[in-house]
Engineer: 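Got a structure for you, questions after.
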Amino acid sequence: MSLNNKYDFKTIESKWQRYWAEHDFYEVTEDNNKAKYYNLEMFPYPSGNLHMGHVRNYAIGDVVARFKSMNGFNVLHPMGWDAFGLPAENAAIQHSIPPAKWTSSNIAAMREQLKTLGLSYNWQREFSTSSPDYYKFTQWMFLKLYEHNLAYKKDAAVNWCPSCHTVLANEQVVEGACERCEAQVEKKQLEQWFFKITDYAPRLLDDLELLTGWPEKVKTMQKNWIGRSEGCQFSMQVSNSDDSIELFTTRPDTVFGATYLVLAPEHPLVKSLCAGKAEEANVQDFIKQMEFLSDVARTSTETEKEGIFTGAYALNPFTNEEIPIWIANYVLMDYGTGAIMAVPAHDERDLEFALKYNLPVRIVIENPENPSIEVVTEAFADDGIMVNSAGFNGLSVEEGKKAIIKYVTDKKIGKATINYRLRDWLISRQRYWGAPIPIIYCDKCGTVPVPYADLPVILPEDVAFRPSGESPLKYVDNFINTTCPTCGGMAKRETDTMDTFVCSSWYFTRFASPLTNDLPFTKEAADYWLPVDQYIGGVEHAILHLMYARFFTKFLHDINMLSAIEPFTNLLTQGMVLKDGAKMSKSKGNVVSPEEIINKYGADTARLFILFASPPVRDLEWSDQGVEGSYRFLNRVWRLVNDYAANIKDVSSPDKWDNLDEATKNLHYKTHFTIKKVTDDLEERFNFNTAVSAIMELFNALNSYKEYPQQDYRIVKEAIESLLILLTPFCPHICEELWRVIGYNSSIITASWPKYEEEALIQAEVEIVVQINGKVRDRIKVPTNLVEDDLRQIALDNSRIKDLTKDKKIVKIIMIPDKLINIVIK
RNA sequence: GCCCGAGUGGCGGAAUGGCAGACGCACCGCACUCAAAAUGCGGCGUUCUUUGAACGUGUGAGUUCGACUCUCACCUCGGGCACCA
């Protein structure tokens, strides 16, 4: 090795990146003779800057893709851009750069940054969701949903972000604030487009069971979000009126304790209920107060319950009692029927309200621990026996529910129902930089969908942005003014665009055949590649993106576009990258730039550190010194392999390893042990950190062997080759270079993953731990697979053990073969 | 309030019923050097009466021959949901 043979990562990395790209190593086509593996990382928003979270996400994905590929799979590993969204528009407003231009230059910059990481992407399939070739099919999806009555427009109280100047989906409101900008969300009555995701609620919930490769945590979050609840819907007659009120309850068994009804202030019956009554004016005031209050302001647990009596009464069909009808802030119009029966004795919320407004409290479920209680201070919601409930007395809660449901069903005043917390997905946005909703409004024909043949509805680029953020589309006459596809008359286009989550709800299908231009993808290609075998990304998408994508997949399945019913078979949610215990952010000033790290140490070092420092699902604490350590390791590998290169180049390995001396045999063992360990870690557990540490151990073993006088270069060669191949998914560049250094002409990235030999893992002797009463007292070396009788004898004959057990009575001896013997003494 | 996850040396972490602390970082010592860096070699949980022993995986109990690992209760931190009837 010459003195100037330094580990020159810059030259090495750019050389091999060019070489791999030129030789199309990552291009794939559908091949039915090979097992496919679709490996996908959540595509990024092209902010223009790669951050460490991206690097971690893509490094993890690249290890999986390369590992699968080296194991003979036909691997699809694509990358694209989730390119619509507000930042581009804000840049346009602030810096007068057109969003399209801003976006494409950001994409170019980020693509270059990604390429310096040496990721095994199939770049031929790259696309951006903001290109007409793509959003044409986002619009196609809208039309298909519309065609199947799953896209509809309704006037509703919606979440309005005053800062983003647009409405938001329920999922995009976090603790009353906008998910993006954290401004307090307001409520507005607007006509908006929705996707009827609620039609899919039962399947979205039930099919979570199929997702055995998903983290429990994500499934639980989705389950809670969908929020299925079983109960009963029935009606109560309004006194002195033909109207009746439909209400929903999960506790029909408590109906005898219903002492009042509560309607949501927006309930359509409220007006007529109080019409002409003394209460009318006050009720109207109350409704006005509620109207503009955001959901959170109105319904947070911290908000005090408020309500008002409507002046009307309803007849409880079970007690034949007249009970007052109230309206209150804590009842929501868009859940259930917007009306509840209040049972203060057995519902905490109703109790709080009843106590505040002096409404009667009646116990109808007996608390078995406190049967004689008379004054209710705490709502009892657990299981008990029905009391004060006429013919239903004595039933348990479960029996009571069934009996009451049967009663209302027989009487034809109600039925068993299931309610979901999930709301329909509000997808229209009053912003410019998104896929235009392909709808035309005609005075004569009404709402008319754009014909498929006319897609895409092109987003005009020559527009004037307004500082307020108000969509400039509203002022682009040649966009708005069009002709009606049905009657040919003058008509106007919808100016709202779609939520960017719509774009990302189907992108994984497009990668299967990204150039298809009559359909979003061909069924043939999609059925070959989908579902995605491994999906990798941040847990922040646990509900939003992952649920929308599941919804789209099921819909595409239903319209026979796709065989898959779930998009992602396995999901890995990686942890955040932290610095000094906090998420990296500009405001905290703790951002480490990937570009700098790659410049200083190279992509291989950056990748190695990120994969070694912590298992993928956990948060990763950034450590500059840790990076140094990874860099140091690669330098040591570099030196060792170069030192050995001449000696191992022309050595060939025999068919059988015979007569190896002990030190050599140990190295041989270590090599095969490492192959097994790394393979298991990558295949089954995604424990990249322990895989790396196993490779480091193999390196350490090789390094010690270097001092051994009678080296067997055949075994050294085997160890070095194994080490390089095992390290390739983590650090492909240095491994490729060293592969050539030891004499290969073919690329290491196409090398087969090594298989361990069972025989090499058999050791003649094992160390057994000898315990007395569970405490380690000695260690002895014995032949492998020693029978218990012999092991017991050897242990008892051991002088230290003899010493410690003399004068003691041996009660019991527990033996674990090849591992441990525990002598229990008294 | 409810649900989920985590808690192990100075630090990142390893071990999921059988040797606690693999691997790495930091630190200490030695070699090389005029010196430093780099590199190499060695040490490195705490305490003590130090060829040995006691203690030690958030706290307390329990199961077991044996518990970081299982069970129960609690504490702390993180995440999710939170008037959804």
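Reckoned from all heavy atoms, side chains included, excluding hydrogens, waters and symmetry mates. Proteins get letters first, then strands, A, B, ... in listed order; numbering begins at 1 in each.
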Engineer: Under 30°, 30 to 60°, or over 60°: which ring-plane class applies to A/H545 and A/H541, parallel, tilted or perpendicular?
Structural biologist: perpendicular

Engineer: Using the P atom as the point on both nucleotides, what is the distance between B/C23 and B/G78, in whole Å?
Structural biologist: 33 Å

Engineer: Kindly confirm or rule out a cation-pi arrangement of A/K305 over A/Y330, judged by NZ or CZ under 6.0 Å from the six-membered ring centre and within 45° of its axis?
Structural biologist: yes

Engineer: Expressed as a whole number of Å, how far does the P atom of B/C32 sit from that of B/C27?
Structural biologist: 22 Å

Engineer: Just name whichever nucleotide pairs with B/C25, Watson-Crick or G-U, keeping both distances under 3.5 Å, else none.
Structural biologist: B/G10

Engineer: For B/A15, does either OP1 or OP2 sit under 4.0 Å from a side-chain N or O belonging to A/R685?
Structural biologist: yes

Engineer: Assess the residue pair A/F688 and A/F686 against the criterion (ring-ring contact (aromatic ring centres under 6.0 Å, His included)); give the C-alpha distance rounded to whole Å, side-chain angles, the decisive distance to 0.1 Å, and a yes or no.
Structural biologist: CA-CA 6 Å; A/F688 304 128; A/F686 285 165; 5.6 Å; yes

Engineer: What is the distance, rounded to the nearest whole Å, between atom CG of A/N700 and atom P of B/C23?
Structural biologist: 7 Å

Engineer: Who does B/G17 pair with, Watson-Crick or G-U, both distances under 3.5 Å?
Structural biologist: none

Engineer: Hey, what do you get for CH2 (A/W326) to CG (A/L261), rounding to the nearest 0.5 Å?
Structural biologist: 12.5 Å

Engineer: Taking syn as any angle within 90 degrees of 0 and anti as the rest, which one fits B/G9?
Structural biologist: syn

Engineer: So, is A/R421 close to the B/A82 phosphate, meaning a side-chain N or O under 4.0 Å from OP1 or OP2?
Structural biologist: yes

Engineer: Using purine N1 to pyrimidine N3 plus N6-O4 or O6-N4 for Watson-Crick, or N1-O2 and O6-N3 for G-U wobble, both under 3.5 Å, which nucleotide pairs with B/G5?
Structural biologist: B/C77

Engineer: Side-chain donor-acceptor pair under 3.5 Å between A/N590 and A/D580, yes or no?
Structural biologist: no

Engineer: At 4.0 Å (heavy atoms only), tell me whether A/N703 reaches a base, stays on the sugar-phosphate, or touches nothing.
Structural biologist: sugar-phosphate

Engineer: For B/U49, which nucleotide in any strand shown is its Watson-Crick or wobble partner with both distances under 3.5 Å?
Structural biologist: none

Engineer: Between A/M221 (CE) and B/G78 (C1'), how many Å, whole number?
Structural biologist: 13 Å

Engineer: Say we look at B/C75 and B/G13: how far apart would their C1' atoms be, to the nearest angstrom?
Structural biologist: 24 Å

Engineer: Would you say a side-chain N or O of A/K217 is under 4.0 Å from OP1 or OP2 of B/C4?
Structural biologist: no

Engineer: Establish, with yes or no, whether the OP1 or OP2 oxygen of B/A85 is under 4.0 angstrom from a side-chain nitrogen or oxygen of A/S229.
Structural biologist: yes

Engineer: If you take atom types as modelled and just measure distance, does the side chain of A/N224 reach the base of B/C81 with a donor-acceptor pair under 3.5 Å?
Structural biologist: no

Engineer: Searching all strands shown, indicate the nucleotide that pairs with B/G40 (Watson-Crick or G-U wobble; both distances under 3.5 Å).
Structural biologist: B/C30

Engineer: Any chance the side chains of A/Q222 and A/R550 put a donor and an acceptor closer than 3.5 Å?
Structural biologist: yes

Engineer: Could you give the distance separating B/C25 and B/C41 at their P atoms, to the nearest angstrom?
Structural biologist: 12 Å

Engineer: Could you give the NZ-to-C1' distance, from A/K677 to B/A22, as a whole number of Å?
Structural biologist: 9 Å

Engineer: Just name whichever nucleotide pairs with B/A82, Watson-Crick or G-U, keeping both distances under 3.5 Å, else none.
Structural biologist: none

Engineer: Taking 4.0 Å as the cut-off, does a side-chain nitrogen or oxygen of A/K775 come that near to OP1 or OP2 on B/C55?
Structural biologist: yes

Engineer: Could you tell me the separation between the NZ atom of A/K583 and the P atom of B/C77, rounded to a whole number of Å?
Structural biologist: 21 Å

Engineer: Can you tell me the distance, in whole Å, between the CG atom of A/L640 and the P atom of B/U39?
Structural biologist: 15 Å

Engineer: Could you state the CZ-C1' distance from A/F699 to B/G24, rounded to the nearest angstrom?
Structural biologist: 14 Å

Engineer: Measure the spacing between CD1 of A/I675 and NE2 of A/H672 and express it to the nearest 0.5 Å.
Structural biologist: 5.0 Å

Engineer: Taking any heavy-atom pair under 4.0 Å as a contact, classify A/E540: base, sugar-phosphate, or nothing.
Structural biologist: nothing

Engineer: Whole angstrom is fine here: how far is it from CG in A/L578 over to C1' in B/G78?
Structural biologist: 11 Å

Engineer: Rounding to the closest angstrom, what is the interatomic distance between B/U46 and B/G56 at atom P?
Structural biologist: 16 Å

Engineer: From CD of A/E767 over to P of B/A22, roughly how many Å is that when rounded to an integer?
Structural biologist: 16 Å

Engineer: With C1' as the reference atom in both, quote the distance from B/A14 to B/C65 in angstrom, rounded to an integer.
Structural biologist: 26 Å

Engineer: Taking only the side-chain nitrogens and oxygens of A/R618, find out if one of them lies under 4.0 Å from OP1 or OP2 of B/G5.
Structural biologist: no

Engineer: For B/G9 versus B/G60, give the span between their P atoms, rounded off to a whole number of Å.
Structural biologist: 15 Å

Engineer: Pick base, sugar-phosphate or nothing for A/N329, based on heavy-atom distances below 4.0 Å to the nucleic acid.
Structural biologist: base

Engineer: Just to confirm, is there a sub-4.0 Å distance from OP1 or OP2 of B/A26 to any side-chain nitrogen or oxygen of A/R632?
Structural biologist: yes

